[in-house]
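Remarks on the structure that follows.
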Amino acid sequence: MAYVITDDCVCCGTCIDECPVGAISEGADKYSINADDCADCGTCADSCPNDAIKEG
Ligand code: SF4
């Protein structure tokens, strides 16, 4: 299962540099994770200061 970014995302950009496989992209309202690329490592969830990333 891929991780998902919830509506708690405030687009701070912290996670995008942490993902080892480049699965996170910037969106209009929030960042998103490409489920096909996500390696399910959890690094982004640990890095999010707003606790906006959850296991899908
Ligand atoms: Fe990237 Fe790991 Fe987060 Fe998946 S769980 S988006 S591979 S940092």
Side-chain angles (χ1 to χ4, degrees):
M1 290 291 285
Y3 277 70
V4 294
I5 299 179
T6 71
D7 289 344
D8 290 335
C9 173
V10 295
C11 297
C12 69
T14 303
C15 61
I16 203 164
D17 292 328
E18 298 295 328
C19 178
V21 297
I24 301 175
S25 58
E26 199 173 345
D29 299 328
K30 62 174 188 164
Y31 281 57
S32 63
I33 295 172
N34 183 330
D36 291 334
D37 292 338
C38 178
D40 206 26
C41 70
T43 303
C44 55
D46 291 341
S47 74
C48 179
N50 216 34
D51 199 25
I53 307 179
K54 307 291 184 187
E55 261 186 295

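In each ligand, atom 1 is the first atom listed, and ligand 1 is the first ligand listed.
Nearest protein heavy-atom neighbour of atom 2 (Fe) of ligand 1: C41 SG, 2.2 Å. For atom 7 (S) of ligand 1, the nearest non-hydrogen atom of the protein is A39 N, 3.2 Å. Scanning the protein heavy atoms around atom 6 (S) of ligand 1, the nearest turns out to be I33 CG2, 3.5 Å. The shortest contact between atom 5 (S) of ligand 1 and any protein heavy atom is with G42 N, 3.2 Å. Counting only heavy atoms of the protein, atom 1 (Fe) of ligand 1 lies nearest to C19 SG, 2.3 Å. Of the protein's non-hydrogen atoms, the one nearest atom 4 (Fe) of ligand 1 is C38 SG, 2.4 Å. Summary of contacts: the protein heavy atom closest to atom 3 (Fe) of ligand 1 is C44 SG, 2.2 Å.
Ligand 1 has no atom lying under 4.0 Å from any heavy atom of C15.
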Go through it in stages, so that I can follow the logic: the residues are S47 and C15, the test is side chain to side chain contact (heavy atoms under 4.5 Å, CB included), and I'd like the CA-CA distance, side-chain angles, deciding distance and then a yes or no.
CA-CA 6 Å; S47 74; C15 61; 4.0 Å; yes
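Each of the atoms 7 (S) of ligand 1 lies under 4.0 Å from some heavy atom of V21. Residue contact check: P20 has heavy atoms under 4.0 Å from atoms 8 (S) of ligand 1.
Here K30 contributes atom NZ and N50 contributes atom CG; the two are 12.5 Å apart, rounded to the nearest 0.5 Å. Taken from OG1 in T6 to CG in D51, the straight-line distance is 8.0 Å, to the nearest 0.5 Å. Between atom CD1 of residue I16 and atom SG of residue C44 there is a gap of 11.0 Å, rounded to the nearest 0.5 Å.
Of the candidates D40, T43, I24, D40 is the only one forming a side-chain contact (heavy atoms from CB on, under 4.5 Å) with Y3.
In this structure, D46 places its CG atom where more than 12 heavy-atom neighbours from other residues, nucleotides or ligands lie under 6.0 Å away.
Between A23 and C38 the shortest heavy-atom distance is CB-N, 3.9 Å.
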